[in-house]
Chemist: 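Below is a structure I'd like to ask you about.
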Protein chains: 2
Amino acid sequence: MATIKDVAKKAGVSVATVSRAINDKGYVHEDTRKLIDEAIRELNYKPNEVARSLFNKKSRLIGLILPDIRNPFFPELARGVEDEMQAHGFRLIIGNADEQLDKEIDYIETFKLNNVIGLISASTNAVLSQYKSLSFPLVLLDRTSEEHPSVHADGYAGGRLAARELVNRGSSRITLLKGPVEFQTARDRFKGAVDELYSANVEFDVMTTASFAFQEAEYWAKELFEKYPDTDGVIASNDVVAAAIIHEAHRVGKKMPEELQIIGFDDIPFSQFLYPALSTIRQPAYDMGREAAKLLIKQINGEKLESKRIQLPVQFIERQTTRKGDHHD
Amino acid sequence: MATIKDVAKKAGVSVATVSRAINDKGYVHEDTRKLIDEAIRELNYKPNEVARSLFNKKSRLIGLILPDIRNPFFPELARGVEDEMQAHGFRLIIGNADEQLDKEIDYIETFKLNNVIGLISASTNAVLSQYKSLSFPLVLLDRTSEEHPSVHADGYAGGRLAARELVNRGSSRITLLKGPVEFQTARDRFKGAVDELYSANVEFDVMTTASFAFQEAEYWAKELFEKYPDTDGVIASNDVVAAAIIHEAHRVGKKMPEELQIIGFDDIPFSQFLYPALSTIRQPAYDMGREAAKLLIKQINGEKLESKRIQLPVQFIERQTTRKGDHHD
DNA sequence: TTGAAAGCGCTACCAT
DNA sequence: ATGGTAGCGCTTTCAA
């Protein structure tokens with residue numbers, strides 16, 4: 001690979017001048033610049049990012065930590081981040097924490113040691129001391145905390161919405177699945193649903209699903225019908241769990257949506273292909289990713305953030321696991 | 001962040017000695033080492049990867065290029081790669097090419113400029129000249145070429161198997177979906193199915209699905225039933241497409257598996273949750289990822305590769321979109 | 001407008 | 001067994 005020295009030699013100038021030329025800093029004569037551009041092109045020169053990074057203590061790399069790359073919600077977030085970053089000349093490197101604390105810590109460490117210029121984390125353990133001692137900006141995605149800027153969907157409204165739709169469509173013995181308690185987002189959804197159910201004066205049971213992951217979703221589904229065989233409406237903790245419940249409902253012979261209504265959360269691409277197609281509360285994952293990226297870029301550029309906590313609206317997506325409602329809103 | 005200088009000062013030795021100590025190279029007295037370890041711990045020193053990388057022209061980073069992070073097959077590959085790499089002290093950075101050539105090129109460039117020590121690519125355009133001029137080893141994953149070591153599943157056998165199962169279970173007007181022609185893997189599957197169908201002397205139509213992606217899957221499904229309304233057996237190009245077909249089949253009122261059998265390819269986690277649960281040809285994605293990682297690590301360590309093309313077996317997963325067969329194998 | 005030189009943090013060579 | 005030092009490729013003073 002050609003270095004800046006090669007370029008300098010070829011153009012007959014010093015490396016300092018070349019450096020100024022590439023970075024558009026300080027003076028460089030028009031003619032000299034031409035010479036340099038020419039040399040760069042001929043040698044197909046690309047500045048060595050590592051050397052730059054060593055000097056600047058900043059690369060052009062952005063780290064993104066995902067808690068579980070297998071849950072389709074997160075790849076969608078990643079795409080939003082990616083597209084926005086790409087448009088601004090930053091490069092994204094993704095780390096999959098696999099819901100394991102040590103992996104997450106490893107990735108943070110890797111990102112630090114490789115001089116990322118910023119970090120977006122959609123992962124579990126934002127409370128971690130690891131996140132405090134960062135020398136670069138951090139944005140929380142699909143998570144919140146007091147200390148860091150964040151982007152998340154309105155889980156509380158989502159919870160209320162899910163409950164309201166279910167009630168309006170006639171479920172009266174509702175089972176509310178509560179996601180992992182560590183997640184603020186999961187708690188928000190839960191609280192929203194509880195509040196709505198209380199105020200509508202509808203009976204409901206609560207079951208905790210201690211994870212959002214695939215492997216366990218089936219287990220939660222089985223447990224659900226064992227514990228609450230009479231339930232006629234389920235508010236699932238996310239679409240993956242909802243998918244498992246639909247599957248199990250078929251197995252135990254429940255008719256959907258006649259005998260059992262189900263509402264998911266997320267609206268992952270697969271939900272439309274389920275049978276019956278899953279009604280769900282949609283989080284605008286792609287947009288959330290983009291917003292998080294924008295927030296991070298602002299910080300990198302040293303701009304003031306007008307809002308540190310960006311909350312995006314959710315939306316009820318009506319499909320086939322809910323009945324036609326008589327409501328109007 | 002503490003540097004090697006700080007450690008040296010604190011331990012009262014030279015940086016050279018510290019360097020030798022951390023890297024276990026050359027002599028360093030037991031007592032000195034203790035001093036150094038002590039200093040490292042007190043300062044919480046971590047060697048700066050960027051500086052190391054600048055000198056060595058090698059980082060500990062492995063690049064992984066995925067063609068489409070939204071197709072659940074690829075995250076599964078990624079996890080295999082990740083786990084194996086982690087066990088060997090390498091760090092994985094994932095790039096999502098999003099099936100776009102320029103993004104793929106960008107990622108290769110980023111990886112180069114950040115001195116990755118090796119690259120695994122599951123992406124489209126392995127033919128690219130970009131892949132030729134690499135200064136670090138490359139392993140192709142879910143792809144093959146003559147020039148580079150690769151790991152892939154036995155698509156040909158998979159195609160045969162899919163066709164055989166469908167025929168044995170009584171489909172006689174089969175529609176064979178052919179994936180994107182650029183992919184050797186897609187061509188292999190196709191060829192396998194064609195060969196089997198010919199030798200079984202069964203009628204079949206061919207429809208090309210020019211992508212594996214979600215957004216288009218629904219379109220292929222609709223096209224399928226418009227063009228071939230009488231088909232009673234579909235060999236889908238992958239599970240995502242199969243999911244869309246199941247969905248569409250419900251819409252047009254086809255009973256599965258009685259009137260229509262479907263076989264997918266991949267066995268992504270979601271397939272078990274479809275209704276009817278999808279029968280499919282399973283690729284051992286996680287293992288493929290691990291094997292690719294092993295292959296890359298061997299190359300990095302300069303070991304000879306006994307086999308450059310690793311082919312993993314596929315397997316028929318019987319679920320509900322195929323009828324009970326009368327066959328025995 | 002340009003260039004010489006120092007230095008980012010680390011490793012490796014060569015002395016000692 | 002240890003240390004001084006050059007140099008990886010780049011940017012940035014500072015002088016010219």
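As the structure is a computational prediction, the values presented were derived from the model and not from experiment. No hydrogens, no waters, no symmetry mates; every other heavy atom, side chains included, goes into these values.
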Chemist: Do the side-chain N or O atoms of B:Lys25 get closer than 4.0 angstrom to the phosphate oxygens (OP1, OP2) of C:dA12?
Modeler: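 Yes, such a contact exists.
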Chemist: In this structure, how many angstroms lie between the C1' atom of D:dT2 and the CD1 atom of B:Ile36, rounded?
Modeler: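 To the nearest whole Å, that distance equals 10 Å.
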Chemist: With the threshold set at 4.0 Å, does a side-chain nitrogen-carboxylate oxygen contact exist between B:Glu109 and A:Arg91?
Modeler: no
Chemist: Roughly, in whole Å, what's the span from NZ in B:Lys58 to P in C:dT11?
Modeler: 16 Å
Chemist: Check whether any side-chain nitrogen or oxygen of B:Thr32 sits under 4.0 Å from OP1 or OP2 of D:dT2, and answer yes or no.
Modeler: yes
Chemist: For the residue pair B:Glu104 / B:Ser123, report whether a side-chain donor-acceptor contact shorter than 3.5 Å exists.
Modeler: yes
Chemist: Between A:Glu49 (CD) and D:dC10 (C1'), how many Å, whole number?
Modeler: 11 Å
Chemist: Charged N to carboxylate O under 4.0 angstrom, A:Arg41 versus A:Glu38?
Modeler: yes
Chemist: Let me know the distance between CZ of A:Arg20 and C1' of C:dT1, rounded to the nearest Å.
Modeler: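 Computing the A:Arg20:CZ to C:dT1:C1' distance gives 7 Å.
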Chemist: So does B:Thr17 get a side-chain nitrogen or oxygen closer than 4.0 Å to the phosphate oxygens (OP1/OP2) of D:dT2?
Modeler: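 B:Thr17 to D:dT2 OP1/OP2: no side-chain N or O under 4.0 Å.
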Chemist: Between the side chains of B:Asp287 and B:Lys294, is the shortest nitrogen-to-carboxylate-oxygen separation below 4.0 Å, so that they form an ion pair?
Modeler: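 A salt bridge is absent here (no side-chain N lies under 4.0 Å from a carboxylate O).
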Chemist: Round to the nearest Å and state the distance from B:Leu113 atom CG to D:dC10 atom C1'.
Modeler: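 To the nearest whole Å, that distance equals 13 Å.
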Chemist: Please report, rounded to the nearest Å, how far the C1' atom of C:dC10 is from the CG atom of B:Asn115.
Modeler: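 Taking atom C1' of C:dC10 as the reference, CG of B:Asn115 is at 13 Å.
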Chemist: Does B:Glu303, at its CD atom, have more than 12 non-hydrogen atoms belonging to other residues, nucleotides or ligands within less than 6.0 Å?
Modeler: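 Buried by this count: over 12 neighbours within 6.0 Å.
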Chemist: Once you round it to whole Å, what is the distance between P of C:dT16 and NE2 of B:His29?
Modeler: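 Distance check: B:His29 NE2 to C:dT16 P gives 23 Å.
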Chemist: Under 4.0 Å between a Lys/Arg side-chain N and an Asp/Glu carboxylate O for B:Asp24 and B:Arg33?
Modeler: yes
Chemist: Check whether any side-chain N or O of B:Ser53 sits under 4.0 Å from OP1 or OP2 of C:dC10, and answer yes or no.
Modeler: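 No, outside the criterion.
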Chemist: Can you name the atoms? Protein N/O to nucleotides 5-9 of chain D N/O, anything below 3.5 Å, with the distance.
Modeler:
unit_1	atom_1	unit_2	atom_2	d
D:dC8	O3'	B:Lys57	NZ	2.7
D:dG9	OP1	B:Lys57	NZ	2.6
D:dG9	N2	A:Ala51	O	3.4

Chemist: Please round to 10 degrees the angle between the axis of the first five pairs and the axis of the last five pairs in the helix from C:dT1-D:dA16 to C:dT16-D:dA1.
Modeler: 50°
Chemist: Rounded to the nearest Å, what distance is computed from the NZ atom of residue A:Lys9 to the P atom of nucleotide C:dG3?
Modeler: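 It works out to 15 Å between those atoms.
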Chemist: With the threshold set at 4.0 Å, does a side-chain nitrogen-carboxylate oxygen contact exist between A:Asp83 and B:Lys103?
Modeler: yes
Chemist: Assess whether atom NZ of B:Lys58 is packed by more than 12 heavy atoms of other residues, nucleotides or ligands within 6.0 Å.
Modeler: yes
Chemist: For B:Ala153 and B:Gln311, which heavy atoms make the closest approach, and how far apart are they?
Modeler: C-CG, 4.1 Å
